[in-house]
Amino acid sequence: MLPENGRSADELLAEITRLRRDDLQVRGGKVTAYVYDTGRAEVHDAAARAYAEMLEVNTLDPTAFPSVVTMEKQVVGAVAELLGGGPGTPGIFTSGGTESIMLAVKAARDIRAGGGRAGAAPSEGRPDGGRQDAGRPEIVVPVTAHPAFHKAAHYLGLDVVAVPVDAGTFRADPAALAAAITPATVLVVASAPSYPQGVIDPVAEIAAAAAARGVPCHVDACVGGWLLPWLSEAGAAVPPFDLSVPGVTSISCDLHKYGYTPKGASVVLFADPALRRAAYFASGAWPGYTIINSTVQSSKSAGPLGGAWATLNALGRDGYLDLAKNTLAATRRLIDGIGEIPGLRVLGEPESSLVAFTGDAEVDVFVLSDEARKLGWFLQPQLSYAGIPANLHITVTGVTLAGVDAMLEVIAASAGAAREKGPALVPEGLPEILASLDLDALDDATFTELAASVGVDLGGSGQPEMAVVNTVLDALPAATREAILIRFLSVLYA
Ligand SMILES: *Cc1c(COP(=O)(O)O)cnc(C)c1O
């Protein structure tokens, strides 16, 4: 791809515009996942300029770039102030929810293993207080907890104990979580809210149960942390969920969601400085420069920090409160409107701004999603899991209110079209064949053929009908879904 001679910036930007032709739109509210739009272009522009200004700064060495320390303290301080902490609350600015969760899990693991000795030096040995006979460390999570906890456990060498949620409300069950705690448990998790149905787990009860057993409790407020306090101020009923709740030892809050900042921005807060030290990593075990990292990444751009800092300041309290009022109004309108569409039903009682709805036997939600896509709207499919039916997920943002009636019209029209079309038809026996295959032994060509049999042209461009794919995946156990997704990604990038 590398050209013989360098190309001009104008030419390159024109090419990027062409490359993005088939992308979903990042602004305008027709894409109800992945992107968070305020509807105020000037705010996103301010963020982009600040991002560019900090782009080439490397946060690897905060003593070389003190602007990083000042900005990070201000951003972390703003989150602490909103989430039950104070000016001295220890926190870390990270690249996203996954990294915030990774660090919270590492901190919980290492504080148990001996006071947060986080260094790499092999000769120093590692004390193992407390967990000596407990075996491999475990984290206890509700099944609705984000996969980032499974990822953290996978990377950090822990086991996940996933506990069913209440079948009617989709909220975590504090008694069931408490019953799952063993001497190996290093962390208990609650979500505020959980992503799939947008409901808030009973944080106070879960944290109390964990504290009674001497186990730390992390609140995953990745999506809700920078929204729930403003929703509460705007009049919504929000139960206590933050660091002010006894027993909560850490909390994650993504700024690149309801903080509306450019991607690459999240904060994890700790109740105790020792816990933050257990999240840090230092290494003196090589002859090169000194390694002292607060995050998983080492060299990284300060662009996201600059973008986050600028967005918080460009919107201010007024801005966020205003966006929350719009978000609340749009969410209520959406919940009522979906309830009036024949064949559709909202799952649980959404308590934030995330709305999931399912269809009856006549309205296949995966077909509905494809129909909406043809009309220029993206509604996010969620597969059935742990007794929760397949559904579509909408993330309501500040910009949604302006288009909520149009969105409801699209959902109603797409539901009508899905009813007429009937459920997606899966090639007979395909799920059974897939479930029985050793996917690791399959070559890429055979996998590509299998994909073609459900209408997915892995070599082509454009938008495949996803309903059949989703229906096939939906019929498979989670482990097979995972194997297929990994193979899909590997072929996509072949
Ligand atoms: C988005 C999200 C995460 C993960 O965040 P990323 O920024 O995508 O890494 C974790 N938990 C919840 C509840 C989320 O909504």
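Both counts, for ligands and for their atoms, begin at 1 and track the order of listing.
- In terms of protein heavy atoms, atom 6 (P) of ligand 1 is closest to Gly97 N, 3.5 Å.
- The shortest N/O to N/O separation between His146 and ligand 1 does not fall below 3.5 Å.
- At least one donor-acceptor pair under 3.5 Å links the side chain of His393 to the backbone N or O of Tyr195.
- Nearest heavy-atom pair across Phe366 and Gln382 is CE2-O, 4.0 Å.
- At least one N or O atom of Thr98, backbone or side chain, sits closer than 3.5 Å to an N or O atom of ligand 1.
- Each of the atoms 7 (O) of ligand 1 lies under 4.0 Å from some heavy atom of Gly96.
- At a threshold of 4.0 Å, the pair Lys300-Glu99 does not count as salt-bridged, since none of the basic side-chain nitrogens sits closer than that to a carboxylate oxygen.
- Taking the six-membered ring for Trp and thresholds of 30 and 60 degrees, Tyr260 and Tyr320 have nearly parallel ring planes, at less than 30 degrees apart.
- By the 3.5 Å distance cut-off applied to N or O atoms, Asp220 is counted among the residues near ligand 1.
- Atoms of ligand 1 lying under 4.0 Å from any heavy atom of Val223, numbered from 1 in the order shown and given with element: 15 (O).
- Considering only heavy atoms from C-beta on, Arg40 comes within 4.5 Å of Leu315 through its side chain.
- Within the structure, the closest approach of Lys263 to ligand 1 does not fall below 4.0 Å when heavy atoms are considered.
- Proximity of Cys222 to ligand 1, defined as any heavy-atom pair under 4.0 Å, is confined to the side chain (atoms from C-beta onward).
- At under 3.5 Å, a nitrogen or oxygen of Lys257, whether backbone or side chain, sits near a nitrogen or oxygen of ligand 1.
- Panel note: side chain Asp370, backbone Ala467; a donor-acceptor pair is recorded below 3.5 Å.
- Within ligand 1, counting atoms from 1 as listed, the ones closer than 4.0 Å to a heavy atom of Ile101 are 10 (C).
- We find that Arg277 and Asp110 are not joined by a salt bridge, their nearest charged nitrogen and carboxylate oxygen being 4.0 Å or further apart.
- To the nearest 0.5 angstrom, Ser353 atom OG is 11.5 Å from Ile394 atom CD1.
- Any N or O atom pair closer than 3.5 Å counts here, and Pro193 shares no such pair with ligand 1.
- Within the listing of ligand 1, atoms 1 (C), 5 (O), 7 (O) sit less than 4.0 angstrom from a heavy atom of Asp254.
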